[in-house]
**Student:** 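Before I ask anything, here is the structure I am working with.
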Amino acid sequence: MSAMQLGRHAYVEKPLSHDVYESRQLTKLAQKKRLVTQMGIQIHSAAEYRLAVRLIQDLAIARSRQCTPGAARSGGT
């Protein structure tokens, strides 16, 4: 929020905010100051992810028919 108050565009990662109210305040501020905002997941720039994409695109491994998303929690569980 402080960077946006200074008129800076924002690239943010999850979680964007602590609650819906805070998200709406960020949205209002970005609109008021005509700022560009984007939410991304920086981990996708990791070498392992880029390698997986290249292997799929090069057909080195078969295309997936199903994907089951998951997330590791702290402690590796």
**Student:** Could you state the interatomic distance from NZ (Lys33) to CG (Leu6), rounded to the nearest 0.5 Å?
**Tutor:** 8.0 Å
**Student:** Is Met4 linked to Met1 within one hydrophobic cluster, defined over Ile, Leu, Val, Met, Phe, Trp and Tyr using a side-chain heavy-atom separation of less than 4.5 Å?
**Tutor:** yes
**Student:** Test side chain to side chain contact (heavy atoms under 4.5 Å, CB included) on Arg24 and Val20 and set out the steps.
**Tutor:** CA-CA 6 Å; Arg24 289 182 178 151; Val20 174; 3.4 Å; yes
**Student:** How far apart are the C-alpha atoms of Leu26 and Thr37, what are their side-chain angles, what is the distance that settles it, and do they pass the side chain to side chain contact (heavy atoms under 4.5 Å, CB included) test?
**Tutor:** CA-CA 10 Å; Leu26 290 168; Thr37 61; over 6 Å; no
**Student:** Between the side chain of Asp58 and the main-chain N/O of Ala60, is any donor-acceptor distance below 3.5 Å?
**Tutor:** no
**Student:** Indicate if Leu51 and Val53 have the same hydrophobic cluster label, given that clusters are the connected sets of ILVMFWY residues with side-chain heavy-atom separations under 4.5 angstrom.
**Tutor:** no
**Student:** Looking at every heavy atom in both His18 and Glu22, which two are closest together, and how far apart are they?
**Tutor:** N-OE1, 2.7 Å
**Student:** Can you give me the closest heavy-atom contact between Gly7 and Leu35, atom names plus distance?
**Tutor:** O-CD2, 3.3 Å
**Student:** Verify the neighbour count for atom OH of Tyr11: are there more than 12 heavy atoms of other residues, nucleotides or ligands below 6.0 Å?
**Tutor:** yes
**Student:** Distance check, rounded to the nearest 0.5 Å: Gln57 atom CD versus Leu59 atom CG?
**Tutor:** 9.5 Å
**Student:** Is it possible for you to say whether Met39 and Leu29 belong to one hydrophobic cluster, with membership spreading through side-chain heavy-atom contacts below 4.5 Å?
**Tutor:** yes
